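Reading through the structure tokens given below for one structure.
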Amino acid sequence: MSDVRVRIAPSPTGDPHVGFAFTALFNFLYARSNGGKLIFRLEDTDRARLRQDSERRLLEGLHWLGIDCDEGPDQGGMHAPYRQSERLPLYRDSIATLLQGRHAYRCFCSAARLEALRATQRQQKQTPRYDRHCRTLSPDAVARQERQGVPSVVRLKMPLAGTTVFHDELRGELSVANSQLDDAVLLKSDGYPVYHLASVVDDQAMQISHVIRAEEWLSSTPKHVVLYEALGFTPPRFLHLPILRNRDHSKISKRKNPVALRLLAQLGILPAALVNYLALIGGSIEHDHEVCDRDTMIKSFAPQRLNLGGPVFDMQKLLWLNQQYIQNMDEDAFVQHLREEVLNDTKLRRIYPLLRTRLENFAQFFAKAAFFFDGVQDYQAQLETLQPRDELPQVLADLCARLENLTVWTQANIKAQLQAVQQENGFKTKELYLPLRVLVTGSKDSPELLPVLELLGRELVTYRLRCFLNR
RNA sequence: GUCCCCAUCGUCUAGCCCGGUCCAGGACACCGCCCUUUCACGGCGGCGACGGGGGUUCAAAUCCCCCUGGGGACGCCA
């Protein structure tokens with residue numbers, strides 16, 4: 001039995017995407033190849049950005065990928081609860097300890113003041129940083145403000161001099177001058193902890209041995225190390241994973257790639273192929289065995305092999321791998337997959353009302369319903385015959401953004417957005433609906449638009465719009 | 001702007017730690033040929049990279065420094 005304990009710790013703010021899958025997979029492989037434990041922890045300390053069914057989707061995403069955790073909110077464990085919103089007392093205790101040990105202080109600065117401060121600093125080309133206005137407040141002054149009910153946060157009192165050194169499993173010894181570090185907020189005025197505090201406290205409490213997370217956290221690791229020490233903890237080992245990129249090398253985004261796991265599934269990607277692909281670009285498998293099953297992956301897993309340059313997410317190679325997997329399926333698996341994932345009853349029943357009046361025979365089903373199944377539509381020729389208005393791209397970009405932010409994906413809500421966009425831009429109904437129909441279904445001859453949009457789902461609709469906008 | 005990380009074909013990478021076997025190997029994509037009534041699969045071949053400059057050394061993709069380039073962080077978001 002090993003004492004390796006790693007965690008997957010997403011925040012429930014949206015749909016699980018490939019970056020999440022990449023980090024999750026690496027943690028999974030790390031745990032399984034070392035006989036360790038994998039913990040799922042929900043970092044739900046931001047109630048403003050919290051999305052209702054996000055937790056469920058994250059769990060579904062992991063399940064789809066075949067990444068099973070040993071402890072988590074759905075299955076429990078000896079360090080329950082696994083939702084940070086249910087662990088508030090723990091963070092308050094830590095705050096009390098820090099305050100008592102003078103490692104932290106109360107700050108009464110308003111959001112407006114901080115914003116103004118940052119604006120000036122930016123303007124003067126200085127590093128935006130808290131000016132430590134409240135760091136030297138006298139106990140009396142603090143007590144007075146508290147009595148008056150002025151909202152406050154708790155900040156970490158960073159050492160002013162010296163250097164913080166830590167070790168990254170892939171990069172070796174890293175260090176940063178303490179003078180570069182900010183007095184970060186640890187506890188928000190709503191009583192919820194900020195990521196830095198919550199993750200440090202929980203990683204300690206849950207006896208996490210290795211913090212494996214994306215590289216965007218690398219620069220805040222010194223802060224965490226100071227926190228660990230202020231709390232009297234020994235820091236875990238750190239391993240920072242490169243960030244996936246778009247073709248232009250920017251941080252991967254849904255704007256430029258089909259990143260949502262649900263979308264990838266809709267595009268017909270097998271989870272095993274995705275996992276294989278992520279392991280491949282993550283250096284997790286031996287390069288001369290590109291097609292690699294999970295057991296081999298676990299057996300030959302060698303984190304040191306990981307390339308530190310952020311890999312470009314290459315849909316073409318993913319599709320090639322997917323093809324390999326389909327090719328290697330036996331007859332039963334092939335038929336079963338088609339029946340359960342592609343042409344399942346639920347889907348057919350949803351298509352039924354849209355298509356039943358449009359078929360002269362059942363052979364036409366595949367031609368007329370193809371756009372429900374295929375990823376990319378060949379719309380070019382059809383679109384040209386419509387002679388769309390020049391403003392169409394901007395209008396559709398606007399629409400796309402609106403659809404993305406729609407809280408609930410229903411026909412009524414979609415219609416409201418369509419109408420708003422149409423009115424604001426002075427488009428006739430036909431001028432908007434017809435091109436939209438062609439872009440989304442590949443044809444003018446397709447079922448009623450709103451039900452189609454609803455059925456296709458947000459991911460696929462916005463993906464197809466993006467394909468047009470990025471063309 | 002400040003700090004941090006990174007750097008081999010268009011993309012993913014092998015090689016780098018322990019310098020010579022590398023005029024740099026594989027995969028995707030692309031191009032050509034073969035197979036094939038077609039297309040795909042498969043087979044064969046082609047195109048294509050050590051970012052630049054200084055060192056160290058008999059010898060550098062490999063070690064060191066500088067530059068350049070790319071990325072990330074700088075929120076009462078994670």
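Below, all heavy atoms of this structure are taken into account, side chains as well, without hydrogens, waters or symmetry copies. Remember, predicted model here, so these are calculated numbers, not experimental data. Proteins come first, then strands; the chains are lettered A, B, ... in the order of their sequence lines, and each starts at number 1.
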Any strand, both distances under 3.5 Å, Watson-Crick or G-U wobble: B/A49 pairs with none

**Item:** Whether A/H240 and A/F238 hold their rings parallel, tilted or perpendicular, with breakpoints at 30° and 60°
**Value:** parallel

Side-chain contact check for A/V176: nearest option of B/A27, B/C4, B/G1 is B/C4

note: A/K317, atom NZ; B/C30, atom P; distance rounded to Å ~ 13 Å

N/O to N/O distances under 3.5 Å, protein versus nucleotides 48-51 of chain B:
none

For A/Q304, I'd like to know if atom CD has over 12 heavy atoms of other residues, nucleotides or ligands within 6.0 Å.
yes

Report task. Indicate whether OP1 or OP2 belonging to B/A14 is found under 4.0 Å from a side-chain N or O atom of A/N307. Result -> yes

query: With under 30° as parallel and over 60° as perpendicular, where do the rings of A/Y195 and A/W217 fit, or are they tilted in between?
result: parallel

Comparing nearest nucleotides in RNA chain B, the 5'-proximal residue of the pair A/R171, A/R305 is A/R171

Practice task
Would you mind checking if A/D203 and A/R41 are paired as a salt bridge, meaning a charged N to carboxylate O distance below 4.0 Å?
Solution key: yes

Protein-proximity profile, nucleotides 69-78 of chain B, B/S/- by nucleotide at the 4.0 Å heavy-atom cutoff, equals -SSSSBSBBB

Side-chain contact check for A/Q327: nearest option of B/A27, B/C41, B/C6 is B/C41

*Going by an N to O cut-off under 4.0 Å, is there a salt bridge joining A/R247 and A/D314?*
yes

Sequence neighbours left out, cut at 3.5 Å: what donor-acceptor pairs do the side chains of residues 61-69 of chain A make with other protein atoms?
none

### Query
Is the distance between the ring centroids of A/F313 and A/Y277 less than 6.0 Å?
yes

Answer for the Watson-Crick or wobble partner of B/G1, both distances under 3.5 Å, is B/C74

Pairing partner of B/A59, by Watson-Crick or G-U wobble and under 3.5 Å for both distances, is none

